[in-house]
Structures are given as C-alpha cells and as structure tokens.
Amino acid sequence: MAFSTSISHTCRILSSNALATHHYKHKRKIHVPFKCPCLDPLHCSPVCRLGFISQWGRKDSSKVAFSASVTDISVEKSMEKVHLRKGDLWSVHKFGGTCVGSSERIKNVAEIITNDDSERKLVVVSAMSKVTDMMYDLIQKAQSRDDSYLSALDAVLDKHRLTAFDLFEQHDLTIFLDQLHHDINNLKAMLRAIYIAGHATESFTDFVVGHGELWSAQMLATLVRQKEQNCDWMDTRDVLIVNPTSSDQVDPDLLESERRLEKWFSKNPSKIIIATGFIASTPQNIPTTLKRDGSDFSAAIMGALLRARQVTIWTDVDGIYSADPRKVSEAVILRTLSYQEAWELSYFGANVLHPRTIIPVMQYDIPIVIRNIFNLSEPGTVICQPSATENEEGQRLDSLVKGFATIDNLALVNVEGTGMAGVPGTASAIFGAVKDVGANVIMISQASSEHSVCFAVPEKEVKAVAEALQSRFRQALDAGRLSQVAVIRNCSILAAVGKKMASTPGVSATLFNALAKASINVRAIAQGCSEYNITVVLKREDCIRALRAVHSRFYLSRTTIAMGIIGPGLIGATLLDQLRDQAAVLKEEFKIDLRVMGITGSKTMLLSDVGIDLSMWRDLLREKGEVADLERFAQHVHGNHFIPNTVLVDCTADSNVASCYYNWLRKGIHMITPNKRANSGPLDQYLRLRTLQRQSYTHYFYEATVGAGLPIISTLRGLLETGDKILRIEGIFSGTLSYLFNNFVCGRAFSEVVAEAKQAGYTEPDPRDDLSGTDVARKVIILARESGLKMELSDIPVQSLVPEPLRAIASADEFMQQLPQFDEELSKERQDAEDAGEVLRYVGVVDALNQKGQVELRRYKKDHPFAQLAGSDNIIAFTTTRYKEQPLIIRGPGAGAQVTAGGIFSDILRLASYLGAPS
Ligand code: ADP
Ligand code: ASP
Ligand code: MG
C-alpha cells in the first residue's frame with residue numbers, strides 16, 4: 001500500500017512539471033487574442049476548445065500562479081465543464097514492446113503519432129522489448145537470494161539511461177534521469193526487502209514489473225511533447241481499476257475506471273495522451289497488472305472507456321496470420337476476422353493479441369486493427385463484427401477455416417470409470433476440485449457414454465490437479481466406481497478456428513484427414529458448441545508437424561504437389577527443365593503448385609524442405625548432393641507434411657526402382673513413370689500393383705511407357721471406359737526401328753542405315769537393344785494388359801533383328817563391324833517386298849480376339865498408313881468394335897527426350913486435375 005502511494009506521487013513529479021510548462025504557455029496566451037493550438041483549427045472540435053480553456057482551470061495552483069480574474073469563469077466552474085467527450089473523436093493506438101525497443105524506434109512512434117493530427121489519440125505503450133522479462137527476472141533473482149539481481153537492475157537502468165541520452169537533451173534529459181534514478185533507488189530497496197524475505201507477494205511483483213511501462217510512456221510523452229505541446233502522459237494505475245479473478249486474470253471495473261478517467265481528463269484535457277499499458281490498480285488502489293502481454297487488453301479497455309472510433313494495435317508483423325508465422329512459413333495474412341474468431345485464435349495461442357482484448361471493444365462495436373509499424377504500406381488485419389452479407393457468403397472451406405493456433409506445455413487429465421455414468425454432480429465435483437487448486441482448464445471433452453471426462457490443464461498445474469482429484473475421489477477409486485485419474489504429460493493443443501466451421505460438413509473430415517496423412521495420433525477432441533473451433537490434443541513433439549499439415553490442407557492450393565524425380569538422366573533432366581519453364585504459368589493460371597522436393601540419381605541425391613530452385617538444380621545436385629538412398633529419398637519427399645500430395649516420378653529404366661512402386665503407392669504416394677519395367681514384369685506383380693492402386697485411391701500414370709508423348713494409353717483407356725471393345729492393336733512402337741525401315745530403301749544396306757542411325761543418336765548405345773525387339777515386346781505387353789489380357793512377356797514371340805551369331809558378341813563396336821556380313825538376307829526380303837509393291841515394317845501386334853501378341857517384321861502395301869511414315873515416327877492403329885472398318889490411328893514422333901518428358905509432364909498435369917485442379 002505504502003509503495004502504491006509513493007509511486008503515484010513520484011510519477012506525478014514529471015507530470016506536474018509538464019503541466020507547469022502548459023500553464024505557463026497558456027497563461028501567456030490569455031493576454032493575446034485566443035488562438036487555438038489545434039493543428040486543424042477549421043475542424044477544431046468543441047472538446048478540443050474546451051480542453052484548452054480548461055487548462056486554465058487546473059487546480060495545480062501550487063506551481064503556477066494565475067489570476068482567475070482574467071475570465072468570468074471561476075476555476076471550480078471551468079473544471080465542471082471539462083468533461084470527457086467520447087466517441088469517434090478518439091482513436092486508441094497501442095505500441096508493443098518491439099515498436100519502442102530502441103531510441104530510434106521510439107522516435108519513429110512519436111513521428112507516427114504526431115504526423116496525423118486529425119483526431120484525439122490515446123496511445124497505450126508497452127515496456128521496451130525484453131524489459132518486462134528483465135523485471136520478472138529481478139524478482140526471481142531477489143527471491144532466490146541471488147545477488148546478481150543488483151547487476152541485473154543496473155542493466156535495466158543502463159538500457160533506459162542510454163535510450164534517454166539518445167532521445168533528449170538538457171532539460172528533458174535531466175527530468176527523465178532524475179525520475180529514473182529515483183525509481184531505480186526505490187526498486188533497489190524493494191528488491192532488497194524481497195531478497196531478505198526470500199519471497200515476493202503478487203502485488204510486490206506487479207509493482208516492480210510495471211516500471212517498464214512507466215519509463216517507456218514517459219520517454220515517449222516527452223518526445224511527442226517536443227512536437228505537440230498538447231500531450232500528457234497517464235499512469236494508468238490512476239485510472240484503470242481491475243479486480244483480480246485468478247492468478248493470471250483480472251476483470252476491469254469499467255464503471256469505476258470511467259469515473260476515474262473523467263476525473264483524470266478534467267485535470268489533463270490533452271489532445272494526445274500517452275498511457276502506460278499493462279498496469280492498473282485494484283479498487284483498493286494497490287498496483288497490479290493485466291498480466292503478461294496485457295497491454296493489448298489495456299488498449300481495448302481504454303478504447304471502450306472512450307468509445308473510440310478504432311483501436312490500432314501496432315506490432316512487428318503485418319497482421320494476424322492464418323498460423324504463427326514463426327512456425328508455418330506459408331501462413332497468410334487474414335484481412336478480416338470477426339471478434340469471435342480473433343478471440344478463439346488468441347485464446348488458443350496466437351499471441352499476437354491478448355485474448356481478452358476483444359471483450360471490452362466488442363460491446364461497442366469498436367474495430368481493432370493490427371498493423372505493422374515496420375511496414376506501413378500493409379493495411380493489416382481488421383477485427384470487427386462481420387457484416388450481414390459476409391454471413392451469407394458461400395460456404396467455401398477456405399472461408400470457413402480462418403486460422404490455426406497451438407498451445408504447448410499442457411497435460412491431459414482423464415477421469416474414468418463406469419461409476420460416473422448417470423451420476424449427477426460428477427462433473428461439478430471434478431471441476432470443483434480443479435478450481436480449488438486454482439488450475440486453468442483449457443479444454444474439456446467428455447465421451448457421450450459419460451464413462452470418462454478428460455480435460456487439459458497447463459503442465460505446471462497438473463500435479464496439484466491430480467492430487468486434488470485423487471483425494472476428492474478417494475472413496476470412488478477405492479470402491480472401483482472410478483477406475484483411474486490418469487495424467488498424460490507432454491501434450492499440446494491445436495485449434496482450428498473459423499466461422500461456423502464446426503457445423504459445416506466436410507471441414508472436420510478434412511482436418512482429421514490431414515492429421516491422419518501426417519501420421520499424427522489425436523488424443524482428445526473438443527468441438528465447441530459455438531461452432532467456431534475444433535480443438536485437438538496431440539503429443540507435443542507432433543505439434544508443429546500437425547500445424548503445418550492442417551494449415552497446408554486448408555491454405556495451400558489443393559493441387560500443391562511435392563515431387564521427387566528419380567533419374568536425372570536425359571529424360572529426367574529434360575523434364576526438370578520443362579518444369580522450370582512452366583511452373584509459374586501453372587501456378588498462376590491453373591493453381592497447380594508443383595514443388596520438386598528431391599532429385600536422386602543412382603549415386604547422389606538432392607533434398608529440399610521447401611522446393612528445389614529448378615533454375616540451378618544441376619549445380620545444386622553437384623554441390624549439395626548427398627549419398628543417394630532411395631528409401632530416405634521417398635520418405636523425405638512424402639514426409640514433408642505441409643504439402644498435401646506427393647508424387648514420385650521414375651525416369652529410370654531400372655527394375656529395382658520399379659519394384660518399390662507397390663510400397664510407395666501403399667503409403668499414398670502417387671507414381672508417374674516412363675519406365676516399362678513394372679508393367680511388363682511378372683503378371684502377378686503387375687496385377688497386385690494395379691489392384692492396390694485402385695483400392696488405395698492413389699494414382700499411377702505411365703503414358704510415356706508407350707509412344708513417348710503420344711496419347712496412346714489414354715486413348716486406349718478412353719475406348720475401354722466408354723464400352724468399346726478392342727479387337728486388335730497394331731503399330732510401329734519403336735522410333736529407332738521406324739527410322740531404320742523408313743530409310744532402308746533401294747540401294748542401301750541395312751547395316752549402313754543402322755550405322756547412320758547410331759551416328760545420329762537415334763539408337764541405344766548398343767543398337768542390339770533396339771534390334772532385339774524386347775523393348776517393342778514390352779510395349780506390346782503393356783497394351784495387351786491394359787486391354788485386359790492376362791499375358792506374360794514370354795507369351796509374345798519376338799522376331800529379333802540381331803543375327804544369331806552376333807548376339808553373344810561383347811562390344812557394340814564389334815557388333816557394328818560384323819553386321820554388314822548379314823546384310824544380304826534383309827536386302828533380299830526388302831527386294832521381295834518391293835517387287836510385290838510392299839514395304840517392310842517392324843511392328844508389334846496385340847491380337848485381343850485371339851489373346852495373342854507378336855513382334856515381327858511385316859510387309860505392308862505401299863498405300864498402307866504404316867508405309868507412309870517418315871523419320872522416327874510411331875504409328876498405332878486401334879481396331880475396335882466402333883472403329884472396325886477404319887482403325888483409329890495415332891501417329892507422331894514416339895521417341896526423344898523432349899517428347900518423352902512432355903508425356904511425363906502431361907501425366908503430372910493429369911494427376912493435378914484428378915486432385916482437383918481447375919480445367
Ligand atoms: P508486441 O510486443 O507488439 O505485443 P507480441 O510479440 O506480443 O508483440 O506479438 C507479435 C508476435 O506474435 C509476432 O511477432 C508473431 O511472431 C507472433 N504470432 C503468433 N501467432 C501469430 C499469428 N497467428 N499471427 C501473427 N503473429 C503471430
Ligand atoms: N510489457 C508487458 C509484457 O511484456 C505487457 C505487454 O507488452 O503487453 O508482458
Ligand atoms: Mg503482445
């Protein structure tokens with residue numbers, strides 16, 4: 001009590017000095033024609049005018065002698081007239097700790113305050129950043145009898161002294177430093193008392209920690225007064241009256257505070273008031289605080305007392321984000337929030353706003369705007385009553401879920417037992433016991449069977465809660481009516497907040513689906529009847545992962561896809577370059593956000609958490625690549641829980657990679673590949689893969705396995721799905737073999753054409769890989785299986801063009817040297833065909849009617865479409881029930897890196913459209 005009086009007194013020293021200056025000025029002014037000092041005299045309000053008249057009437061006559069006779073109005077009368085006009089004339093601004101964290105920043109704040117003089121301002125200011133922590137630390141040190149509290153107090157003094165040196169000169173500096181030293185001496189005495197007692201009461205603590213605000217408000221007021229004389233600072237302990245309700249909450253007494261504000265204003269009717277945040281008094285005038293981060297609450301109470309036009313909370317972020325931006329890099333600014341939404345978000349841990357800030361302003365419909373002092377161009381977030389039209393707005397998921405917040409360091413308490421069901425008063429007994437130990441219950445969930453009640457409390461309170469419950473229910477536990485009071489520590493709460501989200505079908509399903517996909521176990525769920533939030537309790541170590549998973553599910557484009565590219569060889573590299581060139585357009589125009597999270601070759605792999613910069617993937621892979629590990633690679637790409645979909649693109653021709661598809665699909669990873677191995681491998685494995693893929697709703701696309709980028713598989717599927725029946729598929733499926741026979745004309749030897757093709761890069765390094773026909777057979781088997789035939793690769797007779805004696809030769813070069821020896825046979829065949837008006841073509845055939853396949857050299861009339869080809873084109877003819885007379889023909893380049901990569905790319909876009917991308 002004694003302390004409270006002394007601080008009120010000491011703080012007024014500065015205030016009364018400041019007043020003296022005012023009085024002096026106005027005393028002079030009274031002898032000249034009255035000139036309103038308001039910067040906008042045209043719009044000078046009656047209140048403003050009254051304000052200046054009233055300064056004459058101040059009772060503080062001890063310091064300034066003035067004559068009441070200059071006016072007819074007596075001192076007492078003028079005071080009565082100076083009442084606080086409220087409403088739109090006032091705006092309240094709150095500057096957080098970071099806004100006043102240094103002398104430069106305090107200057108910036110003063111600038112912002114004085115730059116706009118269109119309305120009266122009440123400015124609530126926090127302590128300089130870190131100062132409140134330093135003050136709590138002083139208490140901690142003193143009560144644990146740690147002598148270093150003295151040097152810690154010196155650090156507090158230094159911080160403010162140095163700031164004052166930067167800000168002020170001479171007169172102002174002396175006044176502030178006198179005040180500062182006086183306060184520090186008081187604090188030293190007080191901390192000494194705490195040190196001796198080894199204990200600090202709550203009011204001692206509140207008194208000490210509130211000094212940060214006293215100093216910052218005085219510094220700011222002095223600075224503002226250098227630009228705008230009509231400014232006073234307010235020690236809010238003189239005005240704000242609150243009743244403590246629990247260890248970390250207070251309720252404002254608005255009536256009494258309003259009465260005191262009127263009284264304060266009648267003595268200090270200034271245009272700008274710089275008020276301390278955080279601190280207040282009890283009805284018995286004992287200093288107290290609004291508890292940690294309470295300056296926002298101070299501002300809101302002041303806004304309500306003044307019926308202000310608006311309360312602006314200035315801080316260090318652009319507004320309220322959809323999730324804590326320190327935890328979710330993809331969080332977005334929310335332009336508007338309803339009071340209820342803002343309350344829920346802050347209650348559940350979005351510490352950009354103190355949760356109780358909403359309550360006082362809501363009743364007067366005063367909007368709160370959150371703005372960034374370091375980025376004035378951003379409009380910030382407006383918290384207000386949603387308009388009627390907004391209420392009727394469509395029920396889109398993203399408008400329903402506004403944001404996510406988390407609270408850590410919680411414990412769950414589970415009270416369980418069959419004896420609870422249907423027994424009135426059980427809940428009241430449980431929560432009565434919890435209340436008795438003063439614990440704060442953050443959320444409650446009860447199974448509808450009444451078999452168990454579980455609730456979350458701060459971890460530091462759980463021991464006392466559990467003991468209280470054990471003792472309260474001793475009898476029931478002994479009798480077995482209650483089976484246990486269990487405590488689960490290390491929990492966190494994740495809350496999803498948004499208008500009516502809980503009552504809209506699909507929202508909670510989406511939320512839980514995202515958690516399931518991230519393999520996160522949910523321990524308890526609560527859904528408030530307010531319909532504004534869904535709350536889940538999780539293991540603490542899962543919390544950030546869970547937050548990212550649910551945030552991305554609602555906020556990222558539905559078609560954000562995490563990609564892993566396996567095999568950055570010719571085709572893989574071309575694909576990566578195509579992705580690089582097209583990514584921006586896809587994102588902008590089609591909302592398809594493709595992010596390559598990993599690239600792996602057989603030796604090195606490159607992993608990224610946010611997406612590889614494709615303009616430099618080659619350098620990155622070379623410089624930052626790590627040892628390749630396919631399992632870790634897949635885990636990394638899929639384990640990135642803030643992206644809802646994963647696809648692995650296998651650009652190899654490797655059967656080991658193909659053998660992993662099953663496991664990957666099972667984990668929910670989509671697969672895209674030009675690799676023929678999986679679909680042309682053993683039939684049982686192929687069938688198992690396709691069955692799993694259909695059951696698991698994952699996608700597996702392999703268009704580029706046949707005809708590169710030509711739409712062969714998709715055409716075949718389209719025919720089958722619409723009920724057509726495949727009779728026969730016949731085609732030239734190899735670009736190399738197409739080239740060879742298109743150029744094997746009169747006068748040329750076959751080996752000569754092979755050499756030319758090899759030279760031009762149209763063949764595999766060993767041309768026997770093309771000439772053997774195996775590759776064509778694989779394509780035939782893929783199409784046969786796609787048409788529903790159950791065939792093995794070995795069921796297809798393949799006519800190899802590699803002469804028998806050359807099959808075992810080790811090197812490609814040797815093969816090429818010896819090939820001319822075998823030209824004669826093929827030359828003769830070609831001549832025979834020519835004589836009959838025909839050409840030779842190497843084709844694959846699926847004979848669906850007879851359930852057979854073939855790969856062989858065939859003769860076609862010169863007017864047949866297969867005879868008309870040029871270059872390395874593929875051509876495929878589908879004969880079906882609908883296309884019986886004239887087959888459906890697809891023709892075009894069927895090999896080469898660009899078209900193959902293009903085929904893979906179009907599979908990726910097909911996947912995006914299956915996932916919901918706009919068409
Ligand atoms: P001040 O000192 O200005 O009161 P605070 O540190 O109390 O500032 O609050 C601002 C901080 O809140 C931001 O820097 C940000 O890191 C954190 N924060 C947590 N959740 C959110 C959110 N959803 N939106 C914006 N900021 C958030
Ligand atoms: N300075 C006080 C604190 O850090 C109040 C506030 O800044 O809101 O808790
Ligand atoms: Mg804050």
Side-chain angles (χ1 to χ4, degrees), residues 93-102 105 109 123-137 139 156 205-206 208-217 236 240 248 250 275-280 288-302 311-335 337 341-357 368-375 378 380-381 383 401-408 494-498 543-544 547-548 551 555:
H93 294 258
K94 179 256 169 174
F95 292 91
T98 42
C99 304
V100 290
S102 65
R105 289 183 179 181
V109 169
V123 174
V124 173
V125 62
S126 288
M128 293 178 78
S129 59
K130 309 255 167 42
V131 166
T132 311
D133 290 340
M134 291 165 96
M135 305 304 280
Y136 275 106
D137 187 49
I139 300 276
V156 171
T205 305
D206 280 351
V208 172
V209 298
H211 275 74
E213 270 73 8
L214 289 169
W215 296 322
S216 60
T236 38
L240 222 69
D248 63 354
V250 293
T276 53
F278 187 46
I279 54 177
T288 186
T289 67
L290 304 189
K291 312 306 166 194
R292 288 314 306 258
D293 298 316
S295 296
D296 300 338
F297 191 22
S298 307
I301 299 171
M302 286 304 187
V311 174
T312 308
I313 309 256
W314 294 89
T315 183
D316 61 350
V317 278
D318 285 347
I320 299 189
Y321 282 85
S322 50
D324 187 337
R326 291 165 301 186
K327 295 177 180 162
V328 181
S329 55
E330 315 260 338
V332 296
I333 289 284
L334 303 170
R335 289 287 162 230
L337 278 176
E341 287 168 334
W343 187 83
E344 300 264 1
L345 268 180
S346 56
Y347 176 83
F348 284 108
N351 58 335
V352 60
L353 197 67
H354 186 284
R356 307 201 76 207
T357 311
I368 301 180
V369 183
I370 314 288
R371 292 196 61 190
N372 189 351
I373 193 155
F374 307 111
N375 189 7
E378 272 296 315
T381 300
I383 303 166
V401 183
K402 281 286 173 65
F404 301 91
T406 57
I407 312 179
D408 285 335
L494 166 73
V497 172
C543 189
I544 291 194
L547 180 65
R548 289 181 182 160
H551 184 273
Y555 269 94

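Predicted model, so just to flag it, every value in this text is computed and none were measured. Each ligand, and each atom within it, is numbered from 1 in the order the structure gives. Values below: every heavy atom of this structure, side chains too, minus hydrogens, waters and symmetry copies.
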Self-check item: Steps toward side-chain contact (heavy atoms from CB on, under 4.5 Å) verdict (Asp408, Cys543)
Solution: CA-CA 8 Å; Asp408 285 335; Cys543 189; 3.8 Å; yes
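Between atom 1 (P) of ligand 1 and the options Thr315, Leu334, Val497, the minimum heavy-atom separation is to Thr315. Nearest-heavy-atom check against atom 7 (O) of ligand 1 across Asn351, Leu353, Asp318 picks out Asn351.
Atom 26 (N) of ligand 1 has its closest protein heavy atom at Val352 CB, 3.4 Å. Regarding atom 4 (O) of ligand 1, its nearest protein heavy-atom neighbour is Lys94 NZ, 3.1 Å. Among protein heavy atoms, the minimum distance from atom 14 (O) of ligand 1 is reached at Asp316 OD1, 2.9 Å.
Within the 3.5 Å criterion, the main-chain N or O of Val332 finds a donor-acceptor partner in the side chain of Ser322.
The side chain to side chain contact (heavy atoms under 4.5 Å, CB included) check on Ala405 picks up Leu345, Phe348, Ala350, with sequence neighbours excluded.
Put simply, no part of Ser126 is less than 4.0 Å from ligand 1, judged by heavy atoms. Heavy-atom distances between Pro325 and ligand 1 reach below 4.0 Å in at least one pair. Residue contacts with ligand 1: Ser322 is excluded, as none of its non-hydrogen atoms falls under 4.0 Å.
Within 4.0 Å of ligand 2, contacts by protein heavy atoms are made from Ser126, Thr132, Glu213, Phe278, Arg292, Asp293, Gly294, Ser295.
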